Amino acid sequence: MNYWLVKSEPDHYGWHHFIEQGRAIWEGVRNYQARNNLKAMQLGDQVLFYHSVIKPGVVGLAKVVQEAYPDPTVANEPAQAKFGWVVVDLEPIMLLDKPVPLALIKAEPLLANISLIRQSRLSVMPIRPDEFELILKMGQKENYE
DNA sequence: GCCAACGTTGGC
DNA sequence: GCCAACGTTGGC
């Protein structure tokens, strides 16, 4: 089992969209490193769902329900076809009791090396198991009040 | 709205 | 191959 974090702007596609649809095709990734991370995702991997720009922070937990396949939206952008962009399908597992804001992640010494901070512009990234567990814990009601 | 970080493009 | 210019992401 591997752990990941994906970013989305809530104005564009937020957690509530995800819940309404019940399943997301994680389309539109146009960065090599992010694409390679999508390709490395395996069925059942767990994925932190992060809101960027507006109240940045981790809001929920999802899982990989379909491994990488060609991005269907490339059909609208023929010039992109040669790059081999891919998508995965995700389904929600749960909303965190409370969001884990970026500010709190930055303030936590145990998360000093998390890719979210070190590579702030990457939109799909691996998360270490210990980092993953800690963020989930921080999102539980009884912790970090 | 501003700006830092960083990826991409294109001239040389 | 280097690097300046430019565009985008995303935090504040």
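Order of the sequence lines fixes the chain letters, A, B, ..., with proteins taken first and strands second; residue numbering starts at 1 for each chain. Predicted model only: the values in this text are computed from it and were never measured.
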Practice prompt. May I have the distance from A:I114 (atom CD1) to C:dG11 (atom C1'), rounded to whole angstrom?
Written response: 16 Å
Fill in: Distance in angstrom units between A:L116 CG and B:dC6 P, rounded
13 Å
Worksheet item: Parallel, tilted or perpendicular for A:F49 and A:W26, by the 30°/60° rule?
Response: perpendicular
Item to complete: Tell me which nucleotide among B:dG7, B:dC6, C:dG10 gets nearest to the side chain of A:N31.
Response: B:dG7
Item to complete: Using a cut-off of strictly less than 4.0 Å, decide whether A:K106 has a side-chain nitrogen or oxygen near OP1 or OP2 of C:dG10.
Response: no
Discussion item. Return the CZ to OG distance between A:R35 and A:S123, rounded to the nearest 0.5 Å.
Written reply: 12.5 Å
Response to the item:
CD (A:E133) and CG (A:D130) are apart, to the nearest 0.5 Å, by 9.0 Å
Fill in: A:Y50: which of A:V6, A:V58, A:V59 passes side chain to side chain contact (heavy atoms under 4.5 Å, CB included)
A:V58
Discussion item. Does B:dC6 have OP1 or OP2 under 4.0 Å away from a side-chain N or O of A:Y32?
Written reply: no
Worksheet item: Is any side-chain nitrogen or oxygen of A:K7 closer than 4.0 Å to OP1 or OP2 of C:dG10?
Response: yes
Worksheet entry | Between P of B:dG1 and CD1 of A:I54, the distance in whole Å | 14 Å
Worksheet item: Rounded to whole angstrom units, what separation is found between the CZ atom of A:R30 and the P atom of C:dG10?
Response: 15 Å
Worksheet item: Which is true for A:K55 with a 4.0 Å heavy-atom rule: it touches a base, it touches only sugar-phosphate, or it touches nothing?
Response: nothing
